[in-house]
Asker: 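Have a look at this one.
Starting from 1, each residue takes its place in the sequence as its number. What you see is a predicted model, and the numbers here were worked out from it, not measured in a lab.
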Amino acid sequence: MRGRCGKGARTVVLAALVLLLASTRWEGAKARPVAWGHLGAGSSQRARNVVMVMCDAFDGRLTFYPGNQTVILPFINFMKRYGTVFLNAYTNSPICCPSRAAMWSGLFTHLTESWNNFKGLDPNYTTWMDLMQKHGYRTQKYGKLDYTSGHHSVSNRVEAWTRDVDFLLRQEGRPMVNLTGNKTFVRVMEKDWQNTDKAASWIRKEATNFSQPFVLYLGLNLPHPYPSPSTGENFGSSTFLTSPYWLEKVTYEAIKIPKWPPLSDMHPIDYYSSYTKNCTGQFTRKEIRDIRAFYYAMCAETDAMLGEIISALSDTGLLKRTIVIFTADHGELAMEHQQFYKMSMYEASSHVPLLVMGPSIKAHHHLSNVVSLVDIYPTMLDIARIPIPQNLSGYSLIPLLAERAEDEVSSRRLHPTWVLSEFHGCNANSSTYMLRTNKWKYIAYSDGHSVPPQLFDLSADPDELTNIATTFPEVSHSLDKKLRSIVNYPRISASVHKYNKKQFISWKQSLGQNYSNVIANLRWHQDWLKEPRKYKDAIHRWLQMNTNE
């Protein structure tokens, strides 16, 4: 975290150079790439390489208007110019591990049973990369993977397991900003830069020599907020950290201050989330604007890492025969709806970036179709011309991306007009299910009747400020019926509730009488220590209820 210019600055400087290089390698009114092969399964062209850059907590709306008026993102804009951007791409679960489990498996969260950041896929699960390797691709991964079980802190587990307990405990440090370095300090997230360097070096030194196609994955931590050591090592990641170099990429005047309803008017799940994220206190407009500005600056640093990969592909001549994909596991609320972090179905949290550029991918193309991360799995197989299993939750995006109609295959399943996202982890005291289709977003909770649903018309209310579930009961009923046809969500909610209680009991028994002292040192320790008896009693009552369920 103490580098200065290095390769990070080189990448930023190369932004203009890459655009200049591109002008000599691309042609036509649609900026069609020269000598790129077709995507059709019957093509005799050499198989395409694939490079996927997946970051953490990137609000997908920043990849198109109005988000792109707030911060300079040259390489995302480069991908938009020469590729396709999905305007309505969503995570299948707005939290790291379950989201990535869905992406790597091609299956919805209720099928992988990745209920929280501790429970993901089995380490031996066959991912799309495993299949591509089996079919002759050279494969390489760098950086954050985070899709198998057993990771993350004890706090993540205990907070998720006890979300049904009748208490409110703040689980995060109050969101804050921190400025480091000076106007030449580029490599703020040093670990991400190191992994980016490794990936770029692999492209330059190894991939150029391969006789067979390759697939490269780079996982980044940014723009996820940083740990806040001043509040205790187990007290969450609530610091938005950047340097003056990146902050200069942000236009303060363009930053929108989100509207907040009174706490008394909040949906009950929103209130729980805002409280546990330590966001129910007073925030000045400057505090909110700074948090958002620093977050956007962190997005700019992320964009530069994407740029280093694109630069490496360009310098080696591989760019013209490589499909590049940029996406994220989820978004970042950045103080919208009086919250930060994710764990919510609001757009800032659930809407992810998805940009694709490469051989015969439509250029300068915006797609409004709703898609989600489970679609990555069949898309990767389609690119590699590997038969797609019929049991996947996702659908290949190649029919939407192919530049020419004849590049599509008529036998492919067409993507439905809806996507599903679900959440079962911490900072929300109910399982949550989101169905997104055309202009509607429908959100159901728990068993479908104990917590009121939400319905938003995103065309008329893009900020999701007015819940119209009771105003349009026929729409709510229709969407709920559709949701239940996709997933029996009351049954899934009951299964998660049972799992949470079972896991907590097992954990508590492993600690004996010491469990309260352990909790007192987790992220919520400041509240717990004030009245430990009160909260222990609440847990006891919860454990005594419905023990045979």
Asker: Restricting to ring-ring contact (aromatic ring centres under 6.0 Å, His included), what partner residues turn up for H351, sequence neighbours left out?
Answerer: F64, Y90

Asker: Verify the ring-centre separation between F423 and Y433: is it less than 6.0 angstrom?
Answerer: no

Asker: Once side-chain hydrogen bond (donor to acceptor under 3.5 Å, both in side chains) is applied, do any residues pair with N488, and if so which ones, sequence neighbours excluded?
Answerer: none

Asker: Looking at residues at least two apart in the chain, or sitting in another chain, which of them share a salt bridge (charged side-chain N to carboxylate O under 4.0 Å, His left out) with R533?
Answerer: D537

Asker: Just jot down the salt bridge (charged side-chain N to carboxylate O under 4.0 Å, His left out) partners of R541, sequence neighbours excluded, or say none.
Answerer: none

Asker: Go through the structure and list residues passing salt bridge (charged side-chain N to carboxylate O under 4.0 Å, His left out) with K534, not counting sequence neighbours.
Answerer: E531

Asker: Does V419 offer a backbone N or O that forms a donor-acceptor pair with the side chain of R436 under 3.5 Å?
Answerer: no

Asker: Enumerate the residue pairs fulfilling salt bridge (charged side-chain N to carboxylate O under 4.0 Å, His left out) with a member in residues 97-108, sequence neighbours excluded, ordered by first and then second residue.
Answerer: D56-R100, R100-D329

Asker: Could you tell me which residues satisfy salt bridge (charged side-chain N to carboxylate O under 4.0 Å, His left out) with K441, sequence neighbours excluded, listed by chain and number?
Answerer: E347, E464

Asker: Under the rule for side-chain hydrogen bond (donor to acceptor under 3.5 Å, both in side chains), what residues qualify as partners of T242, not counting sequence neighbours?
Answerer: none

Asker: With sequence neighbours left out, write down each residue that passes ring-ring contact (aromatic ring centres under 6.0 Å, His included) with Y395, or none if nothing qualifies.
Answerer: H415

Asker: Under the ring-ring contact (aromatic ring centres under 6.0 Å, His included) rule, collect the residues that match up with Y137, sequence neighbours excluded.
Answerer: none

Asker: Any non-hydrogen side-chain atom of D461 less than 4.5 Å from a side-chain atom of F456?
Answerer: yes

Asker: If we only count heavy atoms from C-beta on, is the W507 to R157 side-chain gap below 4.5 Å?
Answerer: no

Asker: Among residues at least two apart in sequence or on other chains, which ones pass ring-ring contact (aromatic ring centres under 6.0 Å, His included) with Y341?
Answerer: H224

Asker: Scan for salt bridge (charged side-chain N to carboxylate O under 4.0 Å, His left out) pairs involving residues 259-272, sequence neighbours excluded, and state none if there are none.
Answerer: none

